[in-house]
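Worksheet: one structure, shown below.
Order of the sequence lines fixes the chain letters, A, B, ..., with proteins taken first and strands second; residue numbering starts at 1 for each chain.
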There are 2 protein chains.
Amino acid sequence: MSSKIKIGIVGYGNLGKGTIKAIKQAPDMELIAVFTRREPESLNLNEPGVKVVHIANASEYKNEIDVMVLCGGSATDLPEQTPYFASMFNTIDSFDTHAKIPEFYQAVNEAATKYEKTSIISVGWDPGLFSFNRVMADAVLPSGENYTFWGKGLSQGHSDAIRRVNGVKNGVQYTIPSEEAIEKVRSGAKPELTTGEKHRRVCYVVAEEGADKAAIENEIKTMPNYFADYNTEVNFISDEELKRDHSKAPHGGFVIRSGNTGDNKQIYEFSLTLDSNPEFTASVLVAYARAAYRLNQEKQFGAKTVFDVAPSYISPRSAEELRKDYL
Amino acid sequence: MSSKIKIGIVGYGNLGKGTIKAIKQAPDMELIAVFTRREPESLNLNEPGVKVVHIANASEYKNEIDVMVLCGGSATDLPEQTPYFASMFNTIDSFDTHAKIPEFYQAVNEAATKYEKTSIISVGWDPGLFSFNRVMADAVLPSGENYTFWGKGLSQGHSDAIRRVNGVKNGVQYTIPSEEAIEKVRSGAKPELTTGEKHRRVCYVVAEEGADKAAIENEIKTMPNYFADYNTEVNFISDEELKRDHSKAPHGGFVIRSGNTGDNKQIYEFSLTLDSNPEFTASVLVAYARAAYRLNQEKQFGAKTVFDVAPSYISPRSAEELRKDYL
């Protein structure tokens, strides 16, 4: 009989696939099943021993799964799924619609508390590790300012906006943090910076044959909300170059706090440089799945966030090992 | 009647002085007394309302102080003081003799558990925030390597070693992390690096009049343990330059984890750039004093480390505010 933590995954998109990889790196976990809205037969996991189950039958796995990792989207999936699954399982999700977090928390907290489950919401890197560092930095340096920069990273929303421009066949957009703005913050100057001053946007566009490239470039650069307020660069490339050089999903960014103690400047900085955004996010979800399981064992029921979880809960190592080798 | 967390400080050196400044930045704390081995009358705090008390009379303050911040040294003070004070108060200390942490933990844990107190040990930035990040990084990226770089920072031990060299009137030493080594780690290459390959040492030396500078430089550069294994640079300066340019205690460093998920490289990085090492360390101690108080209120007795403390416990902000504004 296995004493590993038994994991289920809801959703088989990029995040779900990353979660399968992350579970393989966790010495103390095993994947039991992937739940999907599609016909289970249509999914070819190629993972011996892992079941594929229709999402409608999830309740049958109540006693076989310790933590359900919810890999759906924040717009429509998670607002329904997390409260529903939190009535049957401990859960982890990556809900990232910042403005709606308070009401999402409340709905999940009610379900999880009622059914004595533990749900850690809004896990990943932002929200997630970045949030964590914003709070730590604010607590250790009360006098100061937090700055968050994103990138270099592929932005799905901005890439979609490019692809809607007349004459554009395909394209991607990278958000790039301004080195100049980062250096200003690191200097302790505490500048006031708009999002546009903190980032620039670099586009790689495949134009349709015979399209007016100057018109495309102008339309992108003047597009309100998306590009007009930014320093935007447009590069035209071929289909082959797009496939070869721009098929990954890199991302990352910086949380910097510029603080003061007495007359002294103190800079706190956290950063991530990720070759794969979904795989890293999945790795964070899996580490916090361990915490959800342990908190539930301790009868700490209800909805939690990364702010409520101590590092020892997400580590597979013993307290003795951590004190001896990591302190 | 005040509902603030009441703090005592043991020791009035640089760390104790930094702690006084840090408490002033904490909206929910007040300093009650500073305890010292010196004659209390000899200390001029210039802090209205704060008592100066001989350390021998600390037990009289059992009911007046919520958390005692222990600002003594790791070599001889803390191994005695923390277990002693943990039998009367919740405590925070910055014990940093890595090899002795397991036995120190045990001694403190016994005292604190027996007397229902909460003691968070080895708090600061290394051990402390750096340890915290080593554990977080290891948990979210199980396949990878942790690297710790120190500096740019003034090293007291190496400065003392310089000052013992014949013909040296005064001097300081900075440990400087190798940019080349950091870039190699950031690239995901996972190099094997000795401490000497990760750091170089830069010395500013005031020579006695008529001293043989070439001999001084040679003696420093070939000194075993301290400098021989490092790329060491020796600069001769005047007394005035030493006072003007080298009287602060800057420090900092980097914790970098170079990890992999699937075929993708993922880099996790935490860094500090501190103009004042003792003031920053004190700020961390004070934030964790809040956590010690709260953990004790929840009856979580015994010795703890930063690994056992969730971010919400060190923040003065409410859970609602954190979820709304920081997640």
Keeping the roles fixed (side chain from A:Q266, backbone from B:S276), state whether a donor-acceptor pair exists under 3.5 Å.
-> yes

Donor-acceptor contact present, side-chain A:R323 to main-chain B:P102, <3.5 Å = no

Can you check whether anything in residues 138-145 of chain A gets within less than 4.5 Å of chain B, heavy-atom wise, and list it by number?
-> A:D138, A:A139, A:V140, A:L141, A:P142, A:S143

May I ask you to name which of [options] has the most heavy-atom pairs under 4.5 Å with chain B?
options                     : result
A:L274, A:N264, A:D96       : A:N264
A:I267, A:D263, A:N133      : A:I267
A:A22, A:G18, A:S271, A:P27 : A:S271
A:L327, A:D325, A:T261      : A:L327

Grab the two heavy atoms, one from A:P311 and one from B:V309, that are nearest each other, plus how far apart they are.
->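 Of all heavy-atom pairs spanning A:P311 and B:V309, the closest is CD-O, 3.6 Å.
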
Looking at A:G262 and B:E279, what are the two nearest heavy atoms and their distance?
-> N-OE1, 3.7 Å

What part of [X] gets within 4.5 angstrom of chain B, counting heavy atoms only: side chain, backbone, both, or neither?
X      : result
A:K24  : neither
A:R317 : side chain
A:D126 : side chain

Decide if the gap between the ring center of A:Y313 and the ring center of B:F307 is smaller than 6.0 angstrom.
->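 Ring centres of B:F307 and A:Y313 not closer than 6.0 Å.
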
Flag the pair B:F270 / A:Y268 as yes when their ring centroid distance falls below 6.0 Å, and as no otherwise.
->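 Judged by ring-centre distance (under 6.0 Å), B:F270 and A:Y268 do meet the cut-off.
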
Candidate pair B:N146 and A:Y326, rule side-chain contact (heavy atoms from CB on, under 4.5 Å), full reasoning = CA-CA 10 Å; B:N146 279 355; A:Y326 286 77; 4.0 Å; yes

Would you mind telling me which of [options] has the largest number of heavy-atom pairs within less than 4.5 Å of chain A?
options                        : value
B:G259, B:P127, B:A282         : B:P127
B:S312, B:A287, B:S315, B:P316 : B:S312
B:V284, B:T305, B:L322         : B:L322
B:K265, B:R134, B:R290, B:K21  : B:K265

Listed by chain and number, what are the ring pair (Phe, Tyr, Trp, His ring centres under 6.0 Å) partners of B:Y174, not counting sequence neighbours?
-> B:Y204, B:H246

Euclidean distance, A:K324 NZ relative to B:H98 NE2, rounded to 0.5 Å = 13.0 Å

Spacing of CD belonging to B:Q25 relative to CG belonging to A:N260, to within rounding of 0.5 Å | 7.5 Å

Portion of B:V286 that has a non-hydrogen atom of chain A nearer than 4.5 angstrom | neither

Side-chain contact test, heavy atoms from C-beta onward, threshold under 4.5 Å: evaluate it for B:L129 versus A:M136 and give yes or no.
-> yes

Compare all side-chain heavy atoms of B:E320 with those of A:Y105 and state whether any distance is below 4.5 angstrom.
->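 No - every pair of side-chain heavy atoms lies 4.5 Å or more apart.
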
Heavy-atom neighbours of A:Q106 CD exceed 12 at 6.0 Å | no

